[in-house]
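What follows is one structure encoded as structure tokens, with my remarks underneath.
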Number of protein chains: 2
Amino acid sequence: MTNKTLLLKDFLPYRLSLLSNKISRTIADGYEERFSLTLPEWRVMAALGEEPNISANQVVEKTAMDKVAVSRAVKKLLEDGRIERQFSQDDRRRSVLTLSESGAAIYQDIIPIALTHEQRLLANFSDEEKAQFDALFDKLMQNQSAL
Amino acid sequence: MTNKTLLLKDFLPYRLSLLSNKISRTIADGYEERFSLTLPEWRVMAALGEEPNISANQVVEKTAMDKVAVSRAVKKLLEDGRIERQFSQDDRRRSVLTLSESGAAIYQDIIPIALTHEQRLLANFSDEEKAQFDALFDKLMQNQSAL
DNA sequence: TAACATTAGTTTCATAAGAAACTAATTGCA
DNA sequence: TGCAATTAGTTTCTTATGAAACTAATGTTA
């Protein structure tokens with residue numbers, strides 16, 4: 001029998017959204033004003049830090065961001081000298097992006113902020129609990145993708 | 001030792017945001033166009049469906065939404081006749097909101113959509129896994145709140 | 001009881017974000 | 001070849017969102 005009552009506080013999608021927003025906000029507070037970076041900008045930088053020399057489109061694939069958001073973030077990051085763009089000569093639509101020296105420095109500054117936050121979130125998790133959570137979370141992701 | 005490498009795909013805040021956005025989007029697709037309801041509007045309705053006769057401010061507390069978002073959603077829902085407002089006579093700043101008849105009908109239509117989605121997400125979870133996930137998730141919430 | 005502080009809710013203003021249309025380059029295929 | 005379809009990325013337009021200022025009512029305190 002289907003339960004016909006909806007309790008927001010127990011409703012998984014709602015809880016996910018609550019937690020996710022809070023976490024993103026808290027982390028962003030750690031770098032937004034200090035480096036005047038927006039969240040989409042930081043995401044693009046994170047993608048390039050992890051895998052340099054990829055195109056804007058590959059950033060889209062990698063981060064699941066909207067391509068307009070990527071385009072705008074790239075523009076701003078270029079203006080601010082945090083990334084560099086090199087046009088490909090075999091396909092002149094494409095260009096390949098990398099962190100600039102100053103961008104890489106910022107990236108290195110932010111990583112510990114991000115990782116520390118993650119560690120604090122998981123502070124009182126045993127290794128087993130981490131693994132459990134990870135596995136169950138992946139299962140959720142797969143279920144969602146299958147819809 | 002702190003790991004100095006950030007892999008987006010393993011980064012918990014990032015994974016949460018990805019999953020949460022996908023789920024919200026999918027569920028919203030189920031009612032947005034059909035009932036021309038935005039997500040904040042639906043959240044307000046869900047709050048009132050669960051606990052009728054509360055003020056806008058109580059909706060804010062209950063849902064953790066921004067008060068501007070609530071104010072706007074309330075305005076729209078009133079215009080569309082989906083909720084009703086009764087001003088309190090002892091404190092004329094306050095008003096008390098309820099779903100209208102038509103609002104309640106929509107609410108009843110949407111609940112199964114929402115619950116079905118949740119069930120599908122958890123379809124292949126054993127009861128034990130559900131309980132585990134729930135507990136670990138709560139722990140995350142508490143850790144985040146403590147920051 | 002006259003000010004000052006607080007609270008509920010709204011409006012304004014500036015920025016963010018996404019859908020759709022667009023440009024420019026490349027690829028596929030008749 | 002040459003023209004339709006595809007792809008990369010940008011721009012435009014409309015709507016969403018949040019911070020801050022504002023209005024109106026109530027509470028507090030000297």
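Reminder, nothing fancy here: chain letters follow the sequence lines and each chain counts from 1. These numbers come from the heavy atoms of this one structure, side chains and all, not from hydrogens, waters or symmetry mates.
In this structure a side-chain-to-backbone donor-acceptor pair under 3.5 Å is present from A/Ser100 to A/Arg82.
Partners of A/Glu50 under the side-chain hydrogen bond (donor to acceptor under 3.5 Å, both in side chains) rule, at least two apart in sequence or in another chain, are A/Lys62. Listed by chain and residue number, B/Val96, B/Thr98 satisfy the side chain to side chain contact (heavy atoms under 4.5 Å, CB included) test with B/Asn53 (two or more places apart in sequence, or in another chain). Partners of A/Asp138 according to the side-chain hydrogen bond (donor to acceptor under 3.5 Å, both in side chains) rule, which considers only residues two or more places apart in sequence or in another chain, are B/Arg15. Take A/Glu84 and apply the salt bridge (charged side-chain N to carboxylate O under 4.0 Å, His left out) test, not counting sequence neighbours, and it matches no residue. In this structure, B/Gln142 has no side-chain hydrogen bond (donor to acceptor under 3.5 Å, both in side chains) partners at least two apart in sequence or on a different chain. Residues passing the side-chain hydrogen bond (donor to acceptor under 3.5 Å, both in side chains) test with B/Arg93, sequence neighbours excluded: B/Asp91.
Each of A/Arg85 and B/Arg72 lies near DNA chain D, and the nucleotide nearest A/Arg85 is the one positioned closer to the 5' end.
A donor-acceptor contact under 3.5 angstrom links the side chains of B/Ser17 and A/Arg43, judged on distance only. Counting only N and O atoms by type, the side chains of A/Ser55 and A/Arg94 include a donor and acceptor under 3.5 Å apart.
Between A/Tyr31 and A/Trp42, the two ring planes are tilted [angle within 30° to 60°].
DNA chain C is contacted by B/Lys67, B/Val68 of residues 59-70 of chain B, taking any non-hydrogen atom closer than 4.0 Å. Of the residues in residues 35-56 of chain A, those with a non-hydrogen atom less than 4.0 angstrom from any atom of DNA chain C are A/Thr38, A/Pro40. The stretch residues 90-99 of chain A touches DNA chain C through A/Asp90, A/Asp91, A/Arg92, A/Arg93, each having a heavy atom under 4.0 angstrom from the strand.
The two residues A/Tyr14 and B/Thr63 make their nearest non-hydrogen contact at OH-O, 2.7 Å.
At whole-Å resolution of the value, NZ in B/Lys76 and C1' in D/dT17 are 16 Å apart.
The closest side-chain heavy-atom distance from A/Gln58 to A/Leu97 is not below 4.5 Å. Counting only heavy atoms from C-beta outward, the side chains of B/Ser36 and B/Glu41 never approach each other to under 4.5 Å.
Interface limits on DNA chain C: the 5'-most and 3'-most nucleotides within less than 4.0 Å of chain A heavy atoms are C/dA16 to C/dT26.
Ion pairing of A/Arg25 with A/Asp29 is present here, as a side-chain N (NZ or NE/NH1/NH2) and a carboxylate O approach within less than 4.0 Å.
In the helix from C/dT1-D/dA30 to C/dA30-D/dT1, the rotation axis of the first five pairs and that of the last five pairs differ in direction by 10°, rounded to 10 degrees.
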Mind listing the side-chain donor-acceptor pairs of residues 73-81 of chain A below 3.5 Å, one per line with the distance, residues two or more places apart or on another chain?
unit_1: A/Lys76; atom_1: NZ; unit_2: A/Asp80; atom_2: OD2; d: 3.3

